[in-house]
Amino acid sequence: MADETAIVETAPPEVGRDFIREIIQADLDSKRVSKVVTRFPPEPNGYLHIGHAKSICLNFGVAEEFGGRCHLRFDDTNPTKEEQEYIDAIKRDVHWLGFDWGEHLHHASDNFEQLFAWAEHLIRTGFAYVDDQSQEQMRASRGTLTEPGKNSQFRERPVEESLDLLRRMRAGEFPNGARVLRAKIDMASGNINLRDPVLYRILHASHPRTGMKWCIYPSYDYAHGQSDAIEGITHSICTLEFEDHRPLYDWFLEHLPVPARPRQYEFAKLMIKNTVLSKRVLVGLVREGHVKGWDDPRMPTLAGLRRRGVPAAAIRDFVRRTGVAKANSVVEVPMFEHSIRELLNKTALRRMAVLRPLKVVIENYPEGKGEELEVVNHPDDPAAGTRRIRFGREIYIEYEDFMENPPKKFFRLSPGTEVRLRYAYFITCKEVVKNAAGEVVELRCTYDPATRGGNAPDARKVKATMHWVAAVDAVNAEVRIINELFERAPDPDGDLGAALNSNSLEVLQGCMVEPALTSANTDAPVQFERQGYFYRDADSAPGKPVFNRTIGLRDTWAKVRTG
RNA sequence: UGGGGAAUAGUUCAAUGGUAGAACAUCGGACUCUGACUCCGAGAAUCUAGGUUCGAAUCCUAGUUCCCCAGCCA
């Protein structure tokens with residue numbers, strides 16, 4: 001996996017503290033808590049994406065930094081949306097990102113029995129009741145943002161009756177939606193979460209872990225805080241939209257005989273410009289077949305990024321750079337790209353690959369002659385070693401490295417100019433061969449045998465160094481260029497297909513790559529010199545490698561060229 | 001006309017009553033066997049209006065703008 005490189009952690013370990021870490025430090029200093037316990041609580045209703053990475057890094061990160069621990073807890077309270085596949089994928093992705101929950105794999109469903117007992121406790125103490133109202137009636141009586149709600153006619157029903165009905169709900173006597181258990185708080189509260197929220201609803205559905213054992217399931221609000229308390233979570237970190245759930249979170253802890261009192265803190269989730277992280281949309285892309293799966297390299301999922309070749313350490317570094325705060329913000333993509341390039345530049349071995357080949361015949365190179373050149377695997381890292389590549393009379397260069405009528409600042413090959421073939425020789429273009437359509441199909445060049453290795457004895461300079469692959473050596477490969485998935489922001493309720501970028505995946509066939517790319521270290525990220533970072537795709541077949549372009553190198557020539 | 005949050009360079013995050021700083025991005029320049037990397041330099045911000053104070057991004061008052069909440073989703 002791309003994470004082989006994760007050992008090279010480029011980030012300084014501590015870059016100032018965010019408000020969460022300050023709170024934890026203060027709690028430790030004041031002895032309010034003796035050991036920090038956090039949790040990452042995904043709902044297994046889809047794959048993890050880069051937005052989740054921020055929460056994972058925060059929760060596991062602070063636990064690590066303060067000598068505590070972090071649990072992985074599945075918030076599996078809605079069996080109509082959750083699947084085992086997602087549970088497995090989430091575990092895999094958290095591990096890949098570089099974190100370990102050790103013995104602390106938990107599920108909200110582990111607590112179903114206790115939560116039910118506590119529900120009875122709330123009824124007995126007069127803080128919960130079974131409501132027979134229909135969903136529509138409940139909505140109508142909840143009031144609006146500016147008007148208070150009205151009490152349900154079942155709100156004051158006898159404790160024994162509610163107790164009996166709740167048990168019969170559990171026993172499966174009623175169909176979906178027939179009744180719910182509600183907390184008795186305040187229908188006039190300005191905070192709508194406190195207007196007698198639902199604790200249990202009837203759902204005759206099979207649960208990935210409990211099967212058909214239950215047909216009533218606790219709501220998020222009812223399950224989350226109590227699960228935190230049961231697990232001994234000290235700091236329950238979640239995103240901003242749960243801020244007005246905090247009074248309810250605290251209400252349950254106050255009204256129940258819980259073993260601990262966790263506290264909830266909220267931070268702004270990670271958003272990235274032009275990147276869709278809506279789970280609904282991501283599910284739709286997969287279900288409707290707009291992408292090849294959750295790990296399609298165009299997806300912002302951790303699985304997709306991994307397949308694309310983005311190292312876990314780069315994601316961690318990016319997340320660290322974006323900081324933790326309470327203001328909604330949208331990070332620009334180049335910040336992410338910087339983290340990827342910075343890591344890959346240090347770790348990726350260099351290789352040569354020609355994406356759009358143009359054949360070059362070196363006229364003064366003897367027919368039948370061949371030779372090997374020893375070249376470095378990483379110019380800045382001698383420890384990366386060397387490899388041997390072959391040179392010959394026929395080679396391929398990049399089509400766009402040649403221009404018959406070059407503009408002013410074009411340094412590369414054109415008729416009459418001399419350039420360096422990286423690690424090899426200087427060559428000069430003597431003749432351009434075209435097909436009937438007038439397209440350049442071949443170049444006739446000469447080389448200077450004295451420049452072997454890439455330097456001229458007379459110290460003359462060339463303005464460009466180009467990558468190349470010898471025809472005798474070339475392995476045919478497929479290269480996939482990944483572009484933005486969406487052309488415009490999709491409407492989650494509308495036609496996803498209509499918003500897609502029709503050019504989100506460019507497939508290049510007939511690429512010519514050096515043979516080292518088919519043998520050793522095939523699972524490590526590589527740099528195709530002068531082009532970018534690439535990662536071997538799982539679709540590779542023997543003798544026919546497939547590469548995803550993780551990200552291109554910065555290209556200032558592209559800017560000059562396009563003005 | 002409800003409740004809960006947030007406002008600092010283009011972007012993200014610092015500065016916790018005492019010189020507004022960093023990263024990314026942008027623009028110059030140097031270097032270069034990757035038009036990469038690296039290095040050097042530049043421009044660029046406290047939402048507004050009052051007030052307190054020797055001194056305010058920070059405290060107070062009044063506004064403005066943006067985000068979240070009316071699921072038996074999480």
Side-chain angles (χ1 to χ4, degrees), chain A residues 15-18 22 41-43 45 75 77-78 80-82 131 133-135 138-139 142-149 176-182 188-195 197-203 216-217 219-221 223-224 238-247 266 268 270 273 279-280 318 321-339 341-342 345-346 350 352 375-376 379-380 409-412 420-424 426 453-455 461-467 527-532 552-561:
Chain A
V15 215
R17 296 208 149 166
D18 50 74
E22 280 174 3
E43 184 192 11
N45 65 346
D75 241 332
T77 55
N78 185 356
T80 64
K81 291 186 176 174
E82 298 155 8
D131 195 340
Q133 289 187 106
S134 68
Q135 205 161 159
M138 270 185 61
R139 191 181 318 128
R142 184 155 32 231
T144 68
L145 293 179
T146 53
E147 304 158 45
N176 288 356
R179 280 173 239 268
V180 291
L181 180 71
R182 290 229 257 174
S189 174
N191 182 344
I192 291 176
N193 296 117
L194 263 20
R195 318 239 265 230
V198 169
L199 272 47
Y200 272 96
R201 73 279 209 196
I202 300 171
L203 249 29
I216 60 171
Y217 291 91
S219 61
Y220 161 84
D221 285 304
H224 200 91
C238 63
T239 46
L240 251 27
E241 66 267 30
F242 292 101
E243 216 152 12
D244 49 17
H245 289 241
R246 181 159 21 98
E266 311 85 11
L270 173 64
K273 210 169 172 184
K279 229 181 219 184
R280 272 184 67 203
F318 167 60
R321 283 170 190 271
T322 62
V324 179
K326 293 198 70 151
N328 286 313
S329 56
V330 183
V331 178
E332 293 178 334
V333 177
M335 200 179 298
F336 186 31
E337 296 180 331
H338 174 81
S339 291
R341 290 198 184 99
E342 185 178 76
N345 177 48
K346 289 185 178 134
R350 312 288 127 121
M352 291 205 283
V375 305
V376 299
D380 305 320
K409 295 215 164 166
F410 186 83
F411 303 151
R412 283 109 98 145
R420 169 167 41 231
L421 294 176
R422 191 145 162 89
Y423 308 125
F426 286 10
N455 289 299
K461 302 288 186 194
V462 288
K463 280 169 110 176
T465 299
M466 296 172 9
H467 61 277
Q527 183 195 96
F528 289 178
E529 295 221 37
R530 300 207 308 136
Q531 304 198 94
L553 253 31
R554 279 179 55 131
D555 188 356
T556 49
W557 163 241
K559 280 183 204 164
V560 175
R561 183 205 306 144

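Note that these values count all heavy atoms, side chains included, but never hydrogens, waters or copies made by symmetry. Order of the sequence lines sets the chain letters (A, B, ...), proteins ahead of strands, with each chain counted from 1.
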- Query: Quick one: is B:rU34 close enough that its OP1 or OP2 comes under 4.0 Å of any side-chain N or O from A:Arg350?
  - Reply: no
- If you look at every strand shown and take non-hydrogen atoms under 4.0 Å, does A:Pro379 touch a base, only sugar-phosphate, or nothing? base
- Do any N or O atoms from the side chain of A:Asn191 and from the backbone of A:Asp244 form a donor-acceptor pair under 3.5 angstrom? yes
- Query: Is A:His245 touching bases, backbone alone, or none of the nucleic acid, heavy atoms closer than 4.0 Å?
  - Reply: base
- Item | Side-chain N,O (A:Ser219) to OP1/OP2 (B:rA74) below 4.0 Å | no
- Among the candidates B:rG35, B:rA74, B:rC69, find the nucleotide nearest to the side-chain atoms of A:Arg530. B:rG35
- Would you call B:rG17 syn or anti, using the 90° rule around 0? anti
- Using a cut-off of 4.0 Å on non-hydrogen atoms, how would the nucleic acid contact of A:Arg420 be classed: base, sugar-phosphate, or nothing? base
- Across the strands shown, which category fits A:Val180 at heavy-atom distances under 4.0 angstrom: base, sugar-phosphate, nothing? base
- Are the ring of A:Tyr220 and the six-membered base ring of B:rA74 within the stacking cut-offs of under 5.5 Å and under 30°? no
- Is the shortest distance from a Lys or Arg side-chain nitrogen in A:Glu43 or A:Lys81 to a carboxylate oxygen in the other one below 4.0 Å? no
- Message: For A:Glu241, is there any backbone N or O sitting under 3.5 Å from a side-chain donor or acceptor partner on A:Thr239?
- Response: no
- Task: Check every strand shown and say whether A:Gln133 touches a base, only sugar-phosphate, or nothing at a heavy-atom separation below 4.0 Å.
- Result: base
- A:Glu43 near the nucleic acid: base, sugar-phosphate alone, or nothing, with a heavy-atom cut-off under 4.0 Å? sugar-phosphate
- Side-chain contact check for A:Arg321: nearest option of B:rC27, B:rA23, B:rG35 is B:rA23
- Message: Counting only side-chain heavy atoms from C-beta out, which of B:rC72, B:rU16, B:rG2 sits nearest to A:Gln135?
- Response: B:rC72
- Task: Name the nucleic acid region contacted by A:Val330, choosing base, sugar-phosphate or nothing; use a 4.0 angstrom heavy-atom cut-off, strictly under.
- Result: sugar-phosphate
- Item | Of the listed nucleotides B:rC24, B:rG35, B:rC72, the one nearest the side chain of A:Asp555 | B:rG35
- Task: Would you mind classifying the nucleic acid contact of A:Ser134 as base, sugar-phosphate or nothing, using non-hydrogen atoms under 4.0 angstrom?
- Result: base
- Task: Would you check if the distance from the ring center of A:Phe411 to the ring center of A:Trp557 is below 6.0 Å?
- Result: no
- Item | Minimum-distance nucleotide (side-chain atoms of A:Pro334 versus B:rA25, B:rA70, B:rA74) | B:rA25
- Any donor-acceptor N/O pair, A:Glu342 side chain to A:His338 backbone, under 3.5 Å: no
- Just to confirm, is there a sub-4.0 Å distance from OP1 or OP2 of B:rU32 to any side-chain nitrogen or oxygen of A:Lys463? no
- Query: Are OP1 or OP2 of B:rC72 and a side-chain N or O of A:Arg139 less than 4.0 angstrom apart?
  - Reply: no
- Does A:Arg201 have a side-chain nitrogen or oxygen under 4.0 Å from the phosphate oxygens OP1 or OP2 of B:rC73? yes
- Query: Quick one: A:Glu243 CD to B:rC68 P, roughly how many Å, whole number?
  - Reply: 13 Å
- Task: Give A:Phe318 one of three labels, base, sugar-phosphate or nothing, depending on what nucleic acid heavy atoms sit under 4.0 Å from its own.
- Result: nothing
- Query: Between A:His245 and A:Tyr220, how do the two ring planes meet: parallel, tilted or perpendicular, split at 30° and 60°?
  - Reply: perpendicular
- Message: At 4.0 Å (heavy atoms only), tell me whether A:Asn455 reaches a base, stays on the sugar-phosphate, or touches nothing.
- Response: base
- Query: Looking for any heavy atom pair under 4.0 Å, which part of the strands does A:Thr556 touch: base, sugar-phosphate only, or nothing?
  - Reply: sugar-phosphate
- Touch check for A:Gln527, heavy atoms < 4.0 angstrom, all strands: base, sugar-phosphate only, or nothing? base
- Of the listed B:rG4, B:rU12, B:rA74, the closest approach to the A:Asp244 side chain comes from B:rG4
- Residue mapping more 5' on RNA chain B - nearest nucleotide basis, A:Asp221 or A:Met335: A:Met335
- What integer number of Å spans the C1' atoms of B:rG55 and B:rU19? 12 Å
- Item | 5'-most by nearest nucleotide on RNA chain B - A:Asn328 or A:Phe242 | A:Asn328
- Short side-chain N/O contact from A:Thr77 to OP1 or OP2 of B:rA74, under 4.0 Å: yes
- Nucleotide of B:rU16, B:rA74, B:rA6 approaching A:Glu22 most closely (side-chain heavy atoms): B:rU16
- Donor-acceptor contact present, side-chain A:Ser189 to main-chain A:Leu194, <3.5 Å: no
- Query: So, A:Arg142 and A:Glu147, do they make that salt bridge, N to O below 4.0 Å?
  - Reply: no
- With respect to the phosphate group of B:rA25, does any side-chain polar atom (N or O) of A:Arg554 fall under 4.0 Å of OP1 or OP2? yes
- Closest nucleotide among B:rG35, B:rC68, B:rA70 to the A:Lys409 side chain: B:rG35
- Closest to the side chain of A:Thr146, out of B:rC73, B:rU1, B:rU12, is B:rU1
- Query: Within less than 4.0 Å of OP1 or OP2 of B:rC24, is there a side-chain N or O belonging to A:His338?
  - Reply: yes
- Note on the structure: Ranking B:rA70, B:rG10, B:rU34 by distance to the side chain of A:Leu553, first place goes to B:rU34
